[in-house]
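Working notes, beginning with the structure itself.
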Amino acid sequence: MKFIITFIFFTSNCLMTNQLLAQGHQSRYMRIARIVIDSAQLDNYKTALQEGMADAVKKEPGVISLSAVYDKSHPTHITVFEIYLDENAYKAHIQTAHFLKYKATVQNMVKSLELVDVEPIALESKPG
């Protein structure tokens, strides 16, 4: 159930992805990262994540969308929804200097990481 709610939340905010899929770009590579963070490191983790995501979206044409949220009941439980142009764009992303900096910075903050590849069913959003 949490997975479905998370997926709906993120896809409702992906206007660009919706437009690209409508234009026939069905090869998007999408994944969800479920991360549990050491509570003593949560603020530092959030800072590193925000910085890494901003750099990726700004610098990488293959990064379509990155969104992160935390569970209000369990603030150390982070979910990231990632959309890339294709799988090659994802592979390029994980080799960038900013991603490698993020990984090095958070390596002792992350208690668990689960990566789930997903396929879109419906991506709807309002313009603007």
Side-chain angles (χ1 to χ4, degrees):
M1 183 70 159
K2 280 186 180 180
F3 172 80
I4 293 170
I5 292 169
T6 301
F7 186 76
I8 291 170
F9 169 79
F10 285 121
T11 56
S12 70
N13 292 310
C14 295
L15 174 61
M16 182 184 299
T17 301
N18 184 42
Q19 292 171 338
L20 291 169
L21 288 172
Q23 296 169 3
H25 299 282
Q26 297 293 330
S27 65
R28 298 293 173 244
Y29 184 70
M30 298 180 187
R31 85 177 345 183
I32 292 175
R34 295 187 190 123
I35 309 162
V36 178
I37 304 303
D38 175 7
S39 60
Q41 296 293 320
L42 187 56
D43 288 338
N44 292 333
Y45 178 81
K46 287 179 181 179
T47 298
L49 180 63
Q50 290 170 342
E51 180 182 302
M53 288 175 64
D55 283 347
V57 170
K58 180 180 175 183
K59 297 176 181 178
E60 297 178 64
V63 174
I64 304 300
S65 175
L66 298 173
S67 300
V69 297
Y70 67 89
D71 183 331
K72 282 185 175 182
S73 300
H74 304 282
T76 59
H77 293 213
I78 311 288
T79 302
V80 180
F81 187 66
E82 309 170 40
I83 304 174
Y84 302 91
L85 185 63
D86 54 27
E87 190 169 358
N88 288 332
Y90 168 75
K91 290 177 181 177
H93 165 69
I94 61 174
Q95 298 300 315
T96 61
H98 50 268
F99 180 79
L100 295 173
K101 176 186 174 188
Y102 158 79
K103 289 299 276 189
T105 301
V106 304
Q107 69 182 352
N108 295 321
M109 301 176 192
V110 176
K111 292 172 68 175
S112 71
L113 169 64
E114 177 187 9
L115 300 174
V116 181
D117 291 337
V118 297
E119 289 288 336
I121 296 170
L123 300 173
E124 301 296 333
S125 61
K126 292 186 184 255

Open item on the list: Quick one, T76 with Y45, criterion side-chain contact (heavy atoms from CB on, under 4.5 Å). Give me CA distance, side-chain angles, the key distance, then yes/no.
Closed with: CA-CA 10 Å; T76 59; Y45 178 81; over 6 Å; no

Minimum heavy-atom distance between [X] and [Y], given as atom pair plus value:
X	Y	answer
G62	A89	O-CB, 3.6 Å
L100	Q95	CD1-O, 3.7 Å
T105	A48	CG2-CB, 3.9 Å
A104	Q107	O-CG, 3.4 Å
H98	G52	CD2-O, 4.2 Å

TODO: Test Y29 against D117 for side-chain contact (heavy atoms from CB on, under 4.5 Å), laying out the working first.
DONE: CA-CA 8 Å; Y29 184 70; D117 291 337; 3.0 Å; yes

To the nearest 0.5 Å, tell me how far [X] [atom1] sits from [Y] [atom2].
X	Y	atom1	atom2	value
L42	T47	CG	OG1	9.5 Å
K46	I78	NZ	CD1	6.0 Å
I35	K111	CD1	NZ	14.0 Å
S65	M30	OG	CE	9.0 Å
E60	L66	CD	CG	8.0 Å
R34	L115	CZ	CG	10.0 Å

Task: Chi angles and distances behind the side-chain contact (heavy atoms from CB on, under 4.5 Å) call for E87, K91 - done: CA-CA 6 Å; E87 190 169 358; K91 290 177 181 177; 3.7 Å; yes

Task: Geometric class of the H93/Y84 ring pair [parallel <30°, tilted 30-60°, perpendicular >60°] - done: tilted

Open item on the list: Same cluster or not: L113 versus V36, using hydrophobic residues (I, L, V, M, F, W, Y) connected whenever any side-chain heavy atoms lie under 4.5 Å apart?
Closed with: no

Task: Verify same cluster id: Y90, Y102 (apolar side-chain graph, 4.5 Å) - done: yes

Task: Exam field: side chain T96 to backbone A92, donor-acceptor pair closer than 3.5 Å - done: no

Task: Flag if over 12 foreign heavy atoms under 6.0 Å of CZ, F99 - done: yes

Open item on the list: Does I37 form a side-chain contact (heavy atoms from CB on, under 4.5 Å) with V110? I'd like the steps, not just the answer.
Closed with: CA-CA 5 Å; I37 304 303; V110 176; 4.0 Å; yes

